[in-house]
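Here the structure is laid out as structure tokens; the discussion comes afterwards.
Throughout, protein chains are lettered first and strands after them, A, B, ... in sequence-line order, and every chain is numbered starting at 1.
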Amino acid sequence: MSLRFYNTLTQELAPFAPQDGKTVRMYTCGPTVWNFVHIGNLRSFTSQDILRRWLRYRGWELRHVMNLTDVDDRIIQQAVAAGQTIYDYTDTYAKAFFEDTAKVRLEKPEIVCKATDHIPEMVSLIQSLEHNDCTYLSEGSVYFRITKFPEYGKLSHTHFEGNKAGARVDTDKYDKENARDFVLWKARKEGEHFWDTPLGAGRPGWHIECSAMAMKYLGETLDIHCGGVDLVFPHHENEIAQAEAATGKPFSRFWIHTEHLMVEGQTMSKSLGNFYTLRDLLDKGYAPEAVRYLLASVPYRKQLNFTFDGLKAAVTAMERLRNYELRLTTSKFADGVNPKMTERAKTAIDQFEAALDDDLNTAEALGAIFEFVRDTNTAMDSGEFLAGDVTAARDLLARFDSIFDVLKPTVAGGAISDTDVDALIAERAAAKKSRNFQRSDEIRKQLLDQGVILEDTKEGTRWKRK
RNA sequence: GGCGCGGUAGCCAAGUGGUAAGGCAGAGGUCUGCAAAACCUUUACUCGUCGGUUCGACUCCGAUCCGCGCCUCCA
């Protein structure tokens with residue numbers, strides 16, 4: 001079976017290939033840079049990172065655009081409260097966003113773009129819509145008239161009633177003709193940041209930035225557009241309306257949405273006290289890779305229930321894989337190649353690839369890896385795993401890690417150097433030889449305090465960082 | 001009310017018309033100066049509930065209960 005994804009637009013699993021047969025043009029809705037990234041955000045961004053990596057694994061080139069929303073109501077409020085310009089205010093969080101996402105090893109999209117750098121593009125798109133008679137002016141703001149876009153609702157599969165202007169709503173009482181109409185350009189308000197444009201002084205509505213920037217960098221029809229499920233309506237529905245009413249072409253071929261994350265079975269919210277930023281978790285001592293592992297391990301279309309027990313389980317599971325890699329690289333195996341092992345590795349690769357091809361089934365992909373690990377560990381114990389089998393096993397791990405990226409520990413700055421570790425291990429070996437176990441254990445304890453774990457094996461002592 | 005996602009062992013979770021992957025936790029064992037690591041055995045006669053279709057369903061159909069999300073800028 002070929003690579004396929006679930007498309008929100010068609011509500012079906014469909015084979016995927018980029019429209020030009022070469023480069024995937026993908027747009028993901030990035031963060032609103034008004035706060036530190038939380039684990040709910042990170043769930044979405046992690047699933048998009050897995051998608052990125054899998055598309056490349058499958059040989060496609062990638063042109064991935066992600067926006068930073070750096071102007072909206074909250075930002076304006078917060079910036080005013082902090083006595084800063086919106087630029088200074090959002091800069092802090094934009095920087096923090098990339099620091100945080102780098103820690104959980106999210107690849108940076110090929111193009112990252114800020115809303116405030118694309119005001120002319122947005123204005124121009126709104127003008128196209130004006131030209132197509134899809135807009136109207138009300139109290140200085142420009143609105144999109146959804147009656148001009150009959151397909152409105154096709155993404156969220158909603159049939160909106162009462163689309164006839166004035167039929168059910170006394171338009172005189174409202175600034176919109178229809179309750180579902182949405183603002184493209186907001187008239188300037190006293191004390192708010194604004195731009196002087198042909199549309200008048202004001203600032204962009206929420207949705208227009210994505211349509212404008214996506215089309216600027218990716219053309220009128222994207223291959224994939226991603227976001228969290230909460231964005232299906234109204235955000236993505238409105239993006240479609242704006243883009244398609246302007247161009248007359250499909251805005252995106254695939255719409256891929258990540259389900260929400262819950263915390264201890266409940267919606268994550270500040271008021272429930274179960275709201276966690278990545279920084280909160282790292283402050284509690286969890287490795288960023290463990291967070292990544294946990295977020296990646298549940299398929300993206302399933303709600304993920306985040307718990308600290310789950311995070312601890314992720315730590316252990318990840319360590320199991322790292323221990324396996326360590327064993328693979330440090331153990332000595334008898335010469336030769338066991339065809340059974342070669343075959344076993346091939347099966348694992350097939351299963352791994354089939355799982356991810358199937359709408360990024362990460363849980364099943366992990367299952368394939370763990371089964372392989374168990375089987376080959378057993379073979380190592382029994383002596384059936386030979387030196388010539390190491391390459392195939394390492395190749396599988398490399399394929400796995402090119403997607404999951406959790407095997408290499410994050411080494412803190414100022415950590416003890418490899419040579420110092422080796423020197424202490426040598427001293428400990430001497431102590432052990434003279435049966436000075438007190439000194440031997442002392443060294444192990446000392447290294448442990450510095451985040452280094454020693455393991456004695458038949459072939460000598462091996463070590464790893466915590 | 002409308003739209004959508006889901007209910008599988010203590011927890012997380014895959015799967016499928018043919019008799020329940022994997023991870024974590026638990027129990028017992030092997031190995032071991034100790035500690036790890038690793039392996040073995042063990043933990044769902046059962047897949048929310050009730051009907052139906054079928055030789056056979058957890059998997060298909062119907063009904064029903066429960067959880068979650070969206071339907072006013074929250075990933």
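- Nucleic acid contact class of A:Asn323 (heavy atoms, under 4.0 Å, all strands): sugar-phosphate only.
- Across the protein-nucleic acid pair, A:Tyr300 atom OH and B:A14 atom P stand 13 Å apart, rounded to whole Å.
- Residue A:Ala317 is in sugar-phosphate contact alone, with no base atom involved, counting any heavy-atom pair closer than 4.0 Å across all strands shown.
- In this structure, A:His235 and A:His207 have tilted ring planes: the angle between them lies in the 30° to 60° band.
- When heavy atoms are screened at a 4.0 angstrom cut-off, A:His38 is found touching base atoms of the nucleic acid.
- Note on A:Gln303: a base of the nucleic acid sits closer than 4.0 angstrom, heavy atoms only.
- The nucleotide B:U19 finds no pairing partner, because no Watson-Crick or G-U wobble arrangement with both distances shorter than 3.5 Å includes it.
- Residue contacts for A:Lys186: at a heavy-atom cut-off of 4.0 Å it reaches a base atom on one of the strands shown.
- Look at CE on A:Met262: it is 14 Å from C1' on B:C70, rounded to the nearest Å.
- Of the nucleotides present, none pairs with B:U46 by Watson-Crick or G-U wobble criteria with both distances under 3.5 Å.
- For B:A36, the OP1/OP2 oxygens have no side-chain nitrogen or oxygen of A:Arg462 closer than 4.0 Å.
- Here the P atom of nucleotide B:A75 and the CG atom of A:Leu304 are 17 Å apart, to the nearest Å.
- Stacking of A:Arg399 on the aromatic ring of A:Phe352 is not recorded, the 6.0 Å distance cut-off and the 45° axial limit not both being met.
- Distance CG (A:Leu295) to C1' (B:C12): 13 Å, rounded to an integer number of Å.
- Under 4.0 Å is where a charged nitrogen must lie from a carboxylate oxygen, and between A:Asp401 and A:Arg105 no such pair does.
- Between the side chain of A:Asn361 and the base of B:G15 there is no donor-acceptor pair of N/O atoms closer than 3.5 Å.
- Between the P atom of B:A38 and the CD atom of A:Glu455 lies a distance of 8 Å, rounded to the nearest Å.
- At B:A75, none of the side-chain N or O atoms of A:Ser47 fall inside 4.0 Å of OP1 or OP2 (strictly under the cut-off).
- Base pairing of B:C58 is not made with any nucleotide, judged by Watson-Crick or G-U wobble geometry with both donor-acceptor distances under 3.5 Å.
- Rounded to whole Å, the separation between the P atoms of B:C61 and B:G26 comes to 41 Å.
- Taking atom P on both nucleotides, B:A36 is separated from B:G28 by 15 Å, rounded to a whole Å.
- Between the side chain of A:Asp358 and the backbone N or O of A:Asn361 there is no donor-acceptor pair closer than 3.5 Å.
- For A:His157 (side chain) and A:Thr8 (main-chain N/O), a donor-acceptor pair under 3.5 Å exists by modelled atom type.
- An OP1 or OP2 oxygen of B:C73 is reached within less than 4.0 angstrom by no side-chain nitrogen or oxygen of A:Arg74.
- Contacts of A:Pro31 with the nucleic acid, taken as non-hydrogen atoms under 4.0 Å apart, are absent.
- Under a 4.0 Å N-O distance rule, the pair A:Asp350/A:Lys346 qualifies as a salt bridge.
- When Watson-Crick and G-U wobble pairs are counted only if both distances are under 3.5 Å, B:U53 pairs with no nucleotide at all.
- In this structure, the side chains of A:Tyr89 and A:Val80 stay at 4.5 Å or more apart for every pair of heavy atoms.
- Between B:A75, B:A38, B:C71, one nucleotide has an atom nearer to the side chain of A:Arg327 than all others, and that is B:A38.
- Following rounding to the nearest Å, A:Ile369 (CD1) and B:G22 (P) show an atom-to-atom distance of 14 Å.
- Residue contacts shown for A:Gly310 are absent, as no nucleic acid heavy atom lies under 4.0 Å away.
- Heavy atoms of A:Thr316 sit under 4.0 angstrom from primed sugar atoms or phosphate atoms, though from no base atom.
- In this structure, A:Arg320 places its CZ atom 10 Å from C1' of B:A37, rounding to the nearest Å.
- Pair assignment for B:U41: B:A27, on the basis of Watson-Crick or G-U wobble contacts that are both within less than 3.5 Å.
- Nucleic acid contact for A:Lys432: base, since at least one base atom lies under 4.0 Å from a heavy atom of the residue.
- A:Ser156 comes within 4.0 angstrom of sugar-phosphate atoms only, judged by non-hydrogen atoms across all strands, and of no base.
- Atom pair A:Asp359:CG and B:C5:C1' shows a separation of 13 Å (rounding to whole Å applied).
- Nearest nucleotide to the side chain of A:Trp206, out of B:A75, B:A13, B:C73: B:C73.
- Map A:Asp441 and A:Trp34 each onto its nearest nucleotide of RNA chain B; the residue landing nearer the 5' end is A:Asp441.
- Using a 4.0 Å heavy-atom distance criterion, A:His260 is classed as a base contact.
- Shown here, B:C70 forms a base pair with B:G2; the pair counts as Watson-Crick or G-U wobble because both key distances fall under 3.5 Å.
- Across all strands, A:Gln266 comes closer than 4.0 Å to no nucleic acid atom at all (heavy-atom distances).
- Between B:G29 and B:C68, the two C1' atoms lie 43 Å apart (nearest whole Å).
- A cation-pi arrangement is absent between A:Lys284 and A:Tyr276, since the terminal nitrogen or guanidinium carbon is not both under 6.0 Å from the aromatic centre and inside a 45° cone about the axis.
- A:Arg439 comes within 4.0 angstrom of no nucleic acid atom, judged by non-hydrogen atoms across all strands.
- Stacking here means ring centres nearer than 5.5 Å and ring planes tilted less than 30 degrees, and by that measure A:Phe370 does not stack onto B:G22.
- Residue A:Leu454 is classed as a base contact, given a heavy-atom separation below 4.0 Å to a base.
- Considering only side-chain atoms of A:Pro299, the nucleotide from B:A75, B:C73, B:A14 that sits closest is B:A14.
- A 3.5 Å limit on both hydrogen-bonding distances identifies no Watson-Crick or G-U partner for B:U32.
- At a cut-off of 3.5 angstrom, the base of B:C40 holds no donor-acceptor pair with the side chain of A:Asp381.
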